[in-house]
Amino acid sequence: MADSSNHPPAHGSGATAVATPPPGPTVIGPGHDFETVSKAISEIVLTRRTPLGWVFGFAIAFLFMMIFLGAATYLFLKGVGIWGIDIPVAWGFAIVNFVWWIGIGHAGTLISAILLLLHQKWRMSISRFAEAMTLFAVACAGMFPLLHMGRPWLFYWLFPYPSTMMVWPQFRSPLVWDVFAVSTYATVSLVFWYVGLVPDVATLRDRAKTDFGRKFYGVLCLGWRGSARHWARYEMAALLLAGLATPLVVSVHTVVSFDFAVAIVPGWHTTIFPPYFVAGAIYSGFAMVLTLAIPLRAAYRLEDFVTIWHLDVMAKVMLTTGLVLAYGYGCEAFYSWYSADTFERYMMWNRMFGPYAAAYWALIASNIAIPQLLWFKKVRTNIPMLFFVSLVINTGMWLERYVIVITSLHRDFLVSSWGRYAPTVWDWAVFTGTIGLFLTLFMLFIRFLPMISIVEMRTLLPQSKVTEHEAQEA
Amino acid sequence: MHEATQPELYGMMAEFLDAGDLVAAARAVKKAGYRHFDAFTPAPIEALQEAMELEHTEVPLCTLIGGICGGTVAFWLEYWISKVNFPINVGGRPLNSWPAFIPVTFELTILFAALTAAFGMFALNGLPRLYHPVFNVPRFSRVTSDGFFLCIEAKDARFDRAGTRTFLESLRPREVTDVVP
């Protein structure tokens with residue numbers, strides 16, 4: 001370091017080595033260093049007064065969460081009969097919403113784990129709130145099987161524990177696999193999220209203006225002090241968690257699809273389900289990430305961190321997974337014809353032209369037709385258009401689960417057992433209520449925790465790079 | 001240490017202007033034969049880990065052991081429940097229908113491995129530890145923004161108040177501070 005004494009204090013030798021930004025797409029706006037990044041992200045939590053927009057948004061979200069609370073209370077009083085479910089459609093909204101929410105969660109894990117392993121730098125600024133989205137979506141998803149049980153206070157019967165009843169869960173049932181898959185997914189997502197948060201919360205501790213803030217964040221960050229020895233283990237653990245979360249996320253929606261595919265109901269009993277469920281999960285998850293990211297970056301002026309290029313890349317991921325999904329729909333239709341099975345063929349005909357045809361064609365329009373707009377760069381970089389497409393995909397993915405659950409169940413093998421399904425006002429109340437629960441948790445998250453990983457943004461800056469030249473000089 | 005008038009020290013902390021200087025310093029400290037020292041940075045610095053020759057096999061080992069335990073426990077539990085404790089004959093299928101036991105075995109392998117990776121990492125790092133002497137350095141709060149620090153601990157055999165200070169000052173730090181315990 002022969003020349004280090006000549007450095008102006010503001011610029012490290014690392015910064016001068018990479019003075020000109022590399023050409024091509026940007027993952028972070030120009031002119032940032034460690035301090036500005038830390039300040040920009042931590043100030044949202046620490047110093048600014050609660051913005052009026054946040055209060056307004058939180059109030060609405062909270063109102064919807066109260067609808068959930070009311071609907072769940074009435075459900076506990078009366079039982080699941082207040083819902084539209086009956087034989088033959090005993091699953092109804094509960095399972096539709098469960099699959100929808102759990103699928104949304106998948107994008108968070110994809111962004112934080114799979115793209116980490118693939119060294120995709122653009123994931124860094126969106127990974128934190130995408131992970132938060134995962135957690136809250138899984139929490140909402142978990143509500144539905146619990147409420148659908150009828151006696152939710154007995155949920156622990158699902159776990160293998162030595163009970164006085166001397167019975168055990170049936171380990172050959174996909175529904176039991178589901179319990180393990182979803183609870184593992186929730187736990188691992190929480191741990192992964194928390195591990196990522198620890199150094200950022202330490203930043204909040206050191207920047208907190210109030211004594212309470214220092215104590216609160218100080219305890220939450222476990223006394224993190226940025227030790228190089230700690231960072232080495234920390235990075236290894238983060239890498240391992242990413243490696244573990246990657247097969248996990250694929251397994252979760254695979255197991256969810258087994259809930260259907262292992263049954264012999266027409267339209268469900270098909271091997272295309274696991275891959276096509278996973279693709280659909282990522283598709284809907286990215287749509288939800290965009291739905292959340294677009295208002296957030298505008299409201300909190302995060303355009304430097306979530307650049308237009310991020311949105312463009314996410315739109316491309318949606319386009320790709322959407323095409324995989326379209327292939328899945330195609331396969332489903334083709335194989336129900338090719339199977340030459342009366343019930344399979346009838347199921348597909350009924351799905352397309354039966355009483356729920358409107359839902360089917362709306363799903364095709366919103367999951368296949370409209371997203372083709374994303375082929376155009378003009379649409380991918382047009383923020384209102386992109387927001388619109390992401391909302392359409394969210395709706396489309398919900399319709400997909402509705403069509404899969406309802407059309408297969410309402411007319412299966414015996415004409416005498418056919419029936420119809422219509423959701424009641426309580427179905428809608430619980431569903432919109434979980435959206436309120438999700439948004440409430442999300443609003444609290446953006447108010448009290450850094451919504452972008454400060455540490456990961458730092459690693460994008462030249463300040464964190466030590467060139468080979470400098471290392472040799474020592 | 002022998003000057004009775006001066007308080008006991010935890011160590012001596014040097015702050016550097018940037019990661020490059022810190023890496024060079026860490027290399028020099030290592031070369032000088034110090035063993036009990038640590039660097040503190042706002043973000044993980046790859047070159048620093050190389051300079052300090054940090055090799056960590058404990059976290060992966062913990063994770064591996066956790067994963068093996070999780071998988072073994074899950075499969076054993078399913079086998080024992082289905083074959084030994086509560087056998088149910090479903091259409092004459094084998095009681096040990098192992099393919100059906102794989103999803104839960106897989107999930108619990110991941111669960112145990114992930115939990116040991118995360119909590120093993122925290123335990124090996126000695127966290128949570130809310131108080132640490134390095135927090136006594138006034139500027140140390142910069143470590144979570146843009147501060148780069150290196151601390152040589154007093155328990156190191158080569159530590160000597162005057163000598164270590166002169167040595168650290170030769171590494172072009174921003175400043176050198178005593179760290180009280």
Side-chain angles (χ1 to χ4, degrees), chain A residues 1 4-5 7 9 12-15 33-35 38 160 166-168 171-172 176-177 180-181 184 187-188 191-192 195 199 202-203 205-206 218-219 222-237 240-241 244-245 247-248 251 255 455 458-459 463-464 466 470-471 473-474, chain B residues 17-21 23-24 27-28 38-45 47-52 54 56 58-60 63 77-78 81-82 85-86 90 97 100-101 103-104 106-108 110-111 113-115 117-118 120-122 124-125 127-132 134-135 141 143-146 172:
Chain A
M1 300 309 297
S4 62
S5 57
H7 290 322
S13 43
D33 61 25
F34 276 18
E35 173 59 22
S38 315
M166 307 282 286
V167 290
W168 296 95
F171 281 106
R172 300 176 188 95
V176 171
W177 304 346
F180 283 87
T184 298
T187 314
V188 173
V191 166
F192 197 16
V195 167
T203 300
R205 170 199 64 198
D206 290 340
V219 171
L222 309 174
W224 180 263
R225 53 184 188 272
S227 153
R229 294 173 197 278
H230 291 186
W231 278 123
R233 294 192 193 101
Y234 177 89
E235 284 213 290
M236 177 54 80
L240 287 165
L241 284 173
L244 291 165
L248 176 64
S251 84
V255 168
V455 167
R458 286 186 195 130
T459 62
Q463 249 179 312
S464 69
V466 177
E470 285 170 317
E473 259 184 287
Chain B
L17 289 177
D18 62 47
D21 285 2
V23 171
R27 216 173 271 272
D38 203 350
F40 302 88
T41 54
I45 311 283
L48 185 62
Q49 294 175 13
E50 283 165 26
M52 292 173 67
L54 298 177
H56 288 296
E58 309 111 305
V59 176
T63 311
L77 184 74
E78 292 177 277
I81 286 172
S82 311
N85 189 254
F86 201 75
V90 182
S97 51
F101 300 160
V104 172
F106 173 81
E107 301 298 339
L108 287 193
I110 299 278
L111 180 68
L115 292 178
M121 179 270 290
F122 284 127
L124 288 164
N125 283 348
L127 297 174
R129 178 173 178 180
L130 300 186
Y131 174 76
H132 193 275
V134 293
F135 291 127
S141 62
V143 78
T144 53
S145 304
D146 55 1
R172 293 195 186 84

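Note on naming: letters A, B, ... go to the chains in the order of the sequence lines (proteins, then strands), and numbering restarts at 1 for each one.
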If we define contacts as heavy-atom pairs under 4.5 Å, which of B/G120, B/A114, B/A51, B/A19 has the most with chain A?
B/A114
Out of B/I81, B/D146, B/V134, return the one with the most heavy atom pairs under 4.5 angstrom to chain A.
B/I81
Minimum side-chain heavy-atom gap A/R233-B/L54 below 4.5 Å:
no
Using a 4.5 angstrom heavy-atom cutoff, name the option from B/L111, B/I45, B/V143 with the most pairs to chain A.
B/L111
So, do A/R229 and B/N125 sit near enough that their side-chain heavy atoms are less than 4.5 Å apart?
no
I want to check something: taking the side chain as every heavy atom from C-beta on, are A/H230 and B/M121 in contact at a cut-off of under 4.5 Å?
no
Chain A contact via B/L48 - which portion, at a heavy-atom distance below 4.5 Å:
side chain
Residue, of A/A245, A/P160, A/A237, that accumulates the most heavy atom pairs under 4.5 Å with chain B
A/A237
Which heavy atom in B/A117 sits nearest to a heavy atom in A/L241, and how many Å separate them?
CB-CD2, 4.3 Å
Distance col, row A/R225:CZ vs B/R129:CZ, nearest 0.5 angstrom, shows 5.5 Å
A/V195 and B/A118 have their tightest heavy-atom pair at CG2-CB, 3.8 Å
Could you grab the distance from atom OG of A/S227 to atom CE of B/M52, nearest 0.5 Å is fine?
6.5 Å
In terms of heavy-atom contacts, A/D206 and B/S141 come closest through OD2-O, 3.4 Å
Is there a side-chain contact between B/P44 and A/V455 (heavy atoms, below 4.5 Å)?
yes
Does A/R205 reach the side chain of B/T144, with side-chain heavy atoms less than 4.5 Å apart?
yes
So which atom in B/L127 and which in A/G223 form the shortest heavy-atom distance, rounded to 0.1 Å?
CD2-O, 3.8 Å
Chain A contact via B/A113 - side chain, backbone, both or neither, heavy atoms under 4.5 Å
both
Nearest atoms (heavy-atom pairs only) where B/T41 meets A/W231:
O-NE1, 3.0 Å
Can you name the ring-ring contact (aromatic ring centres under 6.0 Å, His included) partners of B/F135, sequence neighbours left out?
B/F140
Between B/V90, B/N85, B/L115, which has the largest tally of heavy atom pairs under 4.5 Å with chain A?
B/N85
Check each atom of B/V59 against the heavy atoms of chain A and say whether the ones under 4.5 Å are side chain, backbone, both or neither.
both
Just so I know, are the side chains of A/P247 and B/F106 near enough to count as touching, which here means a heavy-atom distance under 4.5 Å?
yes
Flag the pair B/Q49 / A/E235 as yes when at least one side-chain heavy-atom distance between them is below 4.5 Å, and no otherwise.
yes
At a 4.5 Å cut-off on heavy atoms, which part of A/L244 comes close to chain B: side chain, backbone, both, or neither?
both
Measure A/T203 against the heavy atoms of chain B and call it side chain, backbone, both or neither at under 4.5 Å.
both
Check: A/R458 side chain, B/P42 main-chain N or O, donor-acceptor pair, under 3.5 Å
yes
Do B/P103 and A/F180 come close enough that some side-chain heavy atom pair is under 4.5 Å?
no
Residues B/P60 and A/L240: closest non-hydrogen pair is CA-CD1, 3.7 Å
Select one option (side chain, backbone, both, neither) describing which atoms of B/T63 are under 4.5 Å from chain A's heavy atoms.
side chain
Do A/W177 side-chain atoms and B/A100 backbone N/O form a donor-acceptor pair below 3.5 Å?
yes
Can you check whether B/S82's main-chain N or O pairs, donor with acceptor, with A/W168's side chain at less than 3.5 Å?
no
